[in-house]
Amino acid sequence: MSSATPAAAPDVSNPDVVLVVDFGAQYAQLIARRVREARVYSEIVPSTMPVAEMLAKNPKAIILSGGPSSVYAEGAPRLDRALFEAGVPVFGMCYGFQLMATTLGGTVDNTGAREYGRTPLHVSKAGSTLFEGTPVEQSVWMSHGDACSAAPEGFTVTASTDVVPVAAFENDEKKLYGVQYHPEVLHSTHGQQILEHFLYRGAGIEPSWTTGNVIEEQVAAIRAQVGGKRAICGLSGGVDSAVAAALVQKAIGSQLTCVYVDHGLMRKGETEQVEKDFVAATGANLKVVDAQERFLDALAGVSDPETKRKIIGREFIRVFEQAQLEILQEEGPEVAFLVQGTLYPDIVESGGGTGTANIKSHHNVGGLPDDIEFELVEPLRQLFKDEVRMVGQELGLPEEIVQRQPFPGPGLGIRIVGEVTKDRLDLLREADAIAREELTAAGLDREIWQCPVVLLADVRSVGVQGDGRTYGHPIVLRPVSSEDAMTADWSRLPYEVLAKISTRITNEVADVNRVVLDVTSKPPGTIEWE
Ligand code: XMP
């Protein structure tokens with residue numbers, strides 16, 4: 001069995017790192033992204049990390065995130081006072097603010113004075129470090145049960161709300177700042193400005209971090225890691241693997257071989273984009289494996305979604321391993337690296353910061369030596385999705401690849417409800433292409449997260465077309481808006497766009513006589529139908 005061991009994060013020096021201490025929930029990732037939008041490099045650390053370890057990272061500033069706990073709850077995360085005494089500027093938000101207040105001797109009451117959602121904030125110190133240049137009345141996003149009634153000694157109260165007397169405070173001398181609300185969410189109208197005031201004015205950090213720096217740093221790190229050996233990268237057609245491959249290609253050129261498994265489950269034009277446009281843009285060595293027949297054979301007679309997924313996953317690994325074996329047998333330097341498009345959220349979600357997904361090959365194709373271990377090259381492990389797109393753009397990748405919406409690995413195989421056959425795939429590809437074309441023409445690509453187009457192959461309904469009765473299949477449109485695919489809402493698309501898609505699909509796609517719209521949020525519905 002071949003396996004891949006995760007490499008340590010490339011040793012990239014980020015002299016201006018801001019640490020975001022994660023107190024739970026989803027806030028820390030959003031804060032880290034906002035810091036980077038302010039062109040300052042940020043990393044997330046768990047609240048359980050000892051303060052000494054945080055300080056050893058030599059952060060230029062530390063941000064304490066919000067979290068779901070009450071500072072009074074049993075077992076609620078705490079903070080070592082030493083964090084506030086190290087001379088590093090600190091910004092507490094929501095739970096982080098309350099923790100800062102209680103740790104430093106202020107008062108936080110469990111008064112039942114709750115505030116949730118949009119709340120008017122009254123700024124009492126307009127010239128303060130955080131609030132300078134922002135309106136004295138502004139809308140902020142609150143989500144708390146406890147309230148701070150007295151700031152710690154040495155702190156100036158800079159804002160309040162109708163319910164909370166201390167909604168923001170600062171101690172400029174010690175470089176400690178806090179707000180009760182969530183400046184990272186867009187509903188806080190001046191949130192980004194306040195965060196930037198903390199970073200630039202409070203902590204004195206220069207906004208100099210860009211995706212351009214990332215490319216330079218990563219190219220150097222990849223060269224150092226790979227040396228004169230060879231690397232393999234699997235391309236899926238998605239953004240992450242394409243950008244990772246392009247970055248590695250820039251670093252090591254012909255030492256990289258990309259592998260694209262054409263499983264026949266891609267959408268119209270996508271395989272050609274990889275084969276032609278990606279190669280033209282990067283000059284990468286690409287090995288395309290045409291495995292369409294193999295996948296169709298393996299999927300014959302199978303309707304159950306999970307069985308389909310298993311079959312597609314299994315066949316994919318077998319084909320990919322076969323391709324690996326062929327590359328290993330080619331003349332040239334040792335093949336020792338496998339490139340993966342792992343992103344920062346994958347790393348944070350799989351335990352935060354140090355460990356990474358350990359992608360193993362599950363099947364032995366026979367002939368692949370048992371002891372082959374690839375070291376992973378993961379040049380995107382510091383980046384969020386929007387940053388990956390920016391890097392891709394700077395590397396000159398085609399817009400269609402860089403801006404591609406999420407698409408499931410098993411492809412159209414899980415968008416045919418029923419058995420997957422060549423005819424059905426072709427039919428769905430046509431319908432999907434029409435929907436994509438019209439959504440793009442209407443300028444809706446950025447507005448929707450993704451729009452699965454689903455063929456209900458096991459369903460037929462009666463219709464009438466031309467001068468005859470039809471008995472065709474329905475196509476389902478599933479446009480959704482979402483932040484992260486964990487939850488989603490159905491997109492309220494303009495009727496004219498829906499009408500155009502429906503008319504075109506029923507006119508242009510044989511055997512489809514009905515188009516229906518899925519108006520279910522997630523939960524309870526998932527985004528995909530299978
Ligand atoms: P669901 O349907 O679970 O989808 O709401 C959430 C997101 O994940 C994608 N998805 C998959 N991606 N393999 C993948 O790589 C899969 O088996 C798979 N199933 C769903 C889906 O497109 C959406 O973005």
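When a ligand or atom number is given, it counts from 1 through the structure's own listing order.
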Margin query: Starting from atom 21 (C) of ligand 1, what is the nearest protein heavy atom, named by residue and atom, and what distance separates them?
Written below: Glu528 OE2, 3.5 Å

Item checked: Those atoms of ligand 1 less than 4.0 Å from some heavy atom in Arg309 -> 16 (C), 17 (O), 18 (C), 19 (N), 20 (C)

Next item on the list: Measure the CD1-NZ distance between Ile215 and Lys250 for me, rounded to the nearest 0.5 Å.
Entry: 6.5 Å

Check: Got Leu477 and Leu493 here, is their nearest side-chain heavy-atom distance under 4.5 Å?
Finding: no

Item checked: Nearest neighbour of atom 23 (C) of ligand 1 from the list Glu530, Arg478, Lys308, Gln450, on a heavy-atom basis -> Gln450

Notebook entry, point to check: Pro406 heavy atoms, cut-off 4.0 Å: which ligand 1 atoms fall inside?
Noted result: 24 (O)

Next item on the list: Would you mind checking if Arg415 and Glu530 are paired as a salt bridge, meaning a charged N to carboxylate O distance below 4.0 Å?
Entry: no

Check: Where does Pro408 meet ligand 1, judged by heavy-atom distances below 4.0 Å: at the side chain, the backbone, both, or neither?
Finding: both

Next item on the list: Answer yes or no: is there a side-chain heavy-atom contact under 4.5 Å between Leu343 and Phe384?
Entry: no

Notebook entry, point to check: Closest non-hydrogen protein atom to atom 15 (O) of ligand 1, residue and atom name please, with distance?
Noted result: Gly409 N, 3.0 Å

Check: atom 6 (C) of ligand 1: which protein heavy atom is closest, and how many Å away?
Finding: Lys522 NZ, 3.8 Å

Check: Within the distance-only criterion (no hydrogens, no angle test), does the side chain of Ser188 pair as donor or acceptor with the backbone N or O of His182 below 3.5 angstrom?
Finding: yes

Margin query: Just to confirm my output: which protein heavy-atom neighbour is closest to atom 4 (O) of ligand 1, and how far is it?
Written below: Ile527 CB, 4.0 Å

Note to self: I'd like to know whether Asp445 forms a salt bridge (Lys or Arg N to Asp or Glu O under 4.0 Å) with Arg436, so could you lay out the CA-CA distance, the side-chain angles of the two residues, the decisive distance to 0.1 Å, and finally the verdict.
What the structure shows: CA-CA 8 Å; Asp445 287 341; Arg436 281 196 288 150; over 6 Å; no

Notebook entry, point to check: Do the side chain of Tyr27 and the main chain of Glu184 share a donor and acceptor less than 3.5 angstrom apart?
Noted result: no

Next item on the list: Determine, considering heavy atoms only, which of Ala485, Pro523, Gly313, Pro305 sits nearest to atom 7 (C) of ligand 1.
Entry: Ala485

Next item on the list: Starting from atom 13 (N) of ligand 1, find the nearest protein heavy-atom neighbour and note its residue, name and distance.
Entry: Pro410 CD, 3.3 Å

